Amino acid sequence: MRYAYNYCTHSYTMAFWGETEWQNEMDWLALNGVNAVLDITGQEEVWRRFMSNLGYSLDEIKDWLVGPGYFGWQYMANMENVNGPIPDNWFADRTELARMNQRKMRALGMTPILQGYSGMVPNSIAEKDSSVEVIPQGLWNGMQRPAMLKTNTSTYQNYAEMFYRAQEEVYGKISNYYATDPFHEGGIRPTGLSDATIAAKVLESMLDYDKDAVWVCLLYTSPSPR
């Protein structure tokens, strides 16, 4: 597996790319031997469908989503309600772009790495579902993080299935590879719920929906001291 990008790349560099920029990029990736590409283009439509199923209105969803330059950090569960709302036509336009990109990736022998679900929900979720058990996540660089579901609950399993179903509706069955990073950059773990349990439940929910699922984890390493 020769893997391209982390989440930040999409917001540092690609937030407003269109067809031409993506076509050039995918040609370059293929020529350089890349065969796995982190792909969050159009993820806003996945969340629109997922949150609609939880009872959120379009305006509420748009208010919760961040602006395009910040999607990378929202999908790492670092922020909500920052620099939005996106326009109504964004959802359809980016979905069309994502589907076109994914057809191109597959034609060039590349596998899209899709979003995995590890429990991220809006902090307002209890207004829609009083049964949820959430883990408040505090602030990240002064910005409010989304809440996280307790992954050892039936609610988490139900929400994960809803998320993966919404994602398949948007993209189709195009990949078995998923990336997600629970409690990214200082997220708050709950007392009595270990990292091992959280990881096991996240992977279990992937495999329940897709028996061939692979959880892709991007590891950051620092150079060894001289």
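For clarity, every value in this text was computed on a predicted model and none was experimentally measured. One is the number of the first residue; the rest follow in order along the sequence.
Residue Y70 qualifies as open at atom OH: its count of foreign heavy atoms under 6.0 Å is 12 or below. Within 6.0 Å of atom CD in E96, 12 or fewer heavy atoms from other residues, nucleotides or ligands are found, so the atom counts as exposed in its surroundings.
With contacts defined as side-chain heavy-atom distances shorter than 4.5 Å, the pair N101/L97 qualifies. Contact check for W215 versus M206: side-chain heavy atoms found under the 4.5 Å cut-off. Residues N78 and M143 form no side-chain contact, since every pair of their non-hydrogen atoms from C-beta on lies 4.5 Å or further apart. Here the side chains of M120 and M148 are in contact, with some heavy-atom distance below 4.5 Å. Here the side chains of M79 and Q144 are not in contact, with every heavy-atom distance at 4.5 Å or above. Put simply, the side chain of I61 reaches to within 4.5 Å of the side chain of M51, judged on heavy atoms. A heavy-atom distance below 4.5 Å is found between the side chains of E25 and W17. Between D59 and W64, every side-chain heavy-atom pair lies at or beyond the 4.5 Å cut-off.
For the residue pair R145 and Q137, the shortest heavy atom distance occurs at CD-O, 3.0 Å. The two residues D210 and S175 make their nearest non-hydrogen contact at OD2-O, 3.8 Å. Minimum heavy-atom separation, G42 to V170: O-CG1, 4.5 Å. Summarising the geometry of A15 relative to G69, their closest heavy-atom pair is CB-CA, 4.0 Å, with the distance given to 0.1 Å. Smallest separation of non-hydrogen atoms from D63 and P85: OD1-CB, 4.3 Å. Pairing each heavy atom of P182 with each of S118, the nearest pair is CG-CB, 3.6 Å.
Checked against the 6.0 Å centroid threshold, F163 and W47 count as a close aromatic pair. Ring pair Y5/H10: centre-to-centre distance below 6.0 Å. A centroid separation of less than 6.0 Å is found between the aromatic rings of Y164 and Y178.
In this structure, E45 pairs ionically with R49, as a charged nitrogen and a carboxylate oxygen lie closer than 4.0 Å.
Residues that satisfy the side chain to side chain contact (heavy atoms under 4.5 Å, CB included) test with D88, not counting sequence neighbours, are L58, K62. Partners of R94 by side chain to side chain donor-acceptor pair (under 3.5 Å), not counting sequence neighbours: none found. With sequence neighbours excluded, the residues forming a side chain to side chain donor-acceptor pair (under 3.5 Å) with E60 are S57, K128, listed by chain and number. Residues satisfying the side chain to side chain contact (heavy atoms under 4.5 Å, CB included) criterion with L54, sequence neighbours excluded, are F50, Y56, I125, Y159, M162. Partners of W28 by ring-ring contact (aromatic ring centres under 6.0 Å, His included), not counting sequence neighbours: none found. With sequence neighbours left out, the side chain to side chain donor-acceptor pair (under 3.5 Å) criterion links T151 to no other residue. Remark: S130 pairs with no residue by the side chain to side chain contact (heavy atoms under 4.5 Å, CB included) rule, at least two apart or across chains. Checked against salt bridge (charged side-chain N to carboxylate O under 4.0 Å, His left out), R165 has the following partners two or more places apart in sequence or in another chain: E161. With sequence neighbours left out, T153 forms a side chain to side chain contact (heavy atoms under 4.5 Å, CB included) with E133, K150, T155, Y156. Residues passing the salt bridge (charged side-chain N to carboxylate O under 4.0 Å, His left out) test with K211, sequence neighbours excluded: none. Looking at residues two or more places apart in sequence or on another chain, you find no ring-ring contact (aromatic ring centres under 6.0 Å, His included) involving Y3.
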Is there a side chain to side chain donor-acceptor pair (under 3.5 Å) between D208 and S205? Walk through the geometry before answering. CA-CA 5 Å; D208 282 346; S205 68; over 6 Å; no

Evaluate D39 against Q102 for side chain to side chain donor-acceptor pair (under 3.5 Å), listing each step before the verdict. CA-CA 8 Å; D39 186 9; Q102 289 163 359; 2.8 Å; yes

Determine, step by step, whether V121 and L149 satisfy the side-chain contact (heavy atoms from CB on, under 4.5 Å) criterion, reporting the C-alpha distance in whole Å, the side-chain angles of both residues, the deciding distance to 0.1 Å, and the verdict. CA-CA 7 Å; V121 287; L149 295 175; 3.9 Å; yes

Test side-chain contact (heavy atoms from CB on, under 4.5 Å) on V34 and V37; report intermediate values, then the result. CA-CA 8 Å; V34 170; V37 182; 4.0 Å; yes

Apply side-chain contact (heavy atoms from CB on, under 4.5 Å) to the pair L38 and Y177, showing each step before the final yes or no. CA-CA 9 Å; L38 180 66; Y177 291 83; over 6 Å; no

Applying side-chain contact (heavy atoms from CB on, under 4.5 Å) to Y171 and V46, what does each step give before you reach the verdict? CA-CA 9 Å; Y171 302 132; V46 176; 4.0 Å; yes

Under 3.5 Å, side-chain donor or acceptor atoms of residues 104-116 against the rest of the protein: list the pairs with distances, not counting sequence neighbours.
residue : atom : partner : partner atom : Å
K104    : NZ   : Q23     : OE1          : 3.3
K104    : NZ   : D27     : OD1          : 3.2
Q115    : OE1  : Y7      : OH           : 3.0
Q115    : NE2  : Y75     : O            : 3.3

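In this structure, the side chain of S11 engages the main chain of G72 through a donor-acceptor pair within 3.5 Å. Of the possible polar contacts, one joining the N6 side chain to the T9 backbone as a donor-acceptor pair under 3.5 Å is found. The closest donor-acceptor contact from the side chain of T197 to the backbone of L193 lies at 3.5 Å or more, if one exists at all. Put simply, the side chain of Q74 never gets that close to the backbone of E80: no donor and acceptor are under 3.5 Å apart.
Hydrophobic clustering of Ile, Leu, Val, Met, Phe, Trp and Tyr side chains at less than 4.5 Å, counting indirect connections, keeps I188 apart from W73. The hydrophobic cluster containing L139 does not contain F183, counting ILVMFWY residues as joined when their side-chain heavy atoms lie under 4.5 angstrom apart, directly or transitively.
Here OG1 of T180 is found 11.5 Å from CG of L203. Values are rounded to the nearest 0.5 Å.
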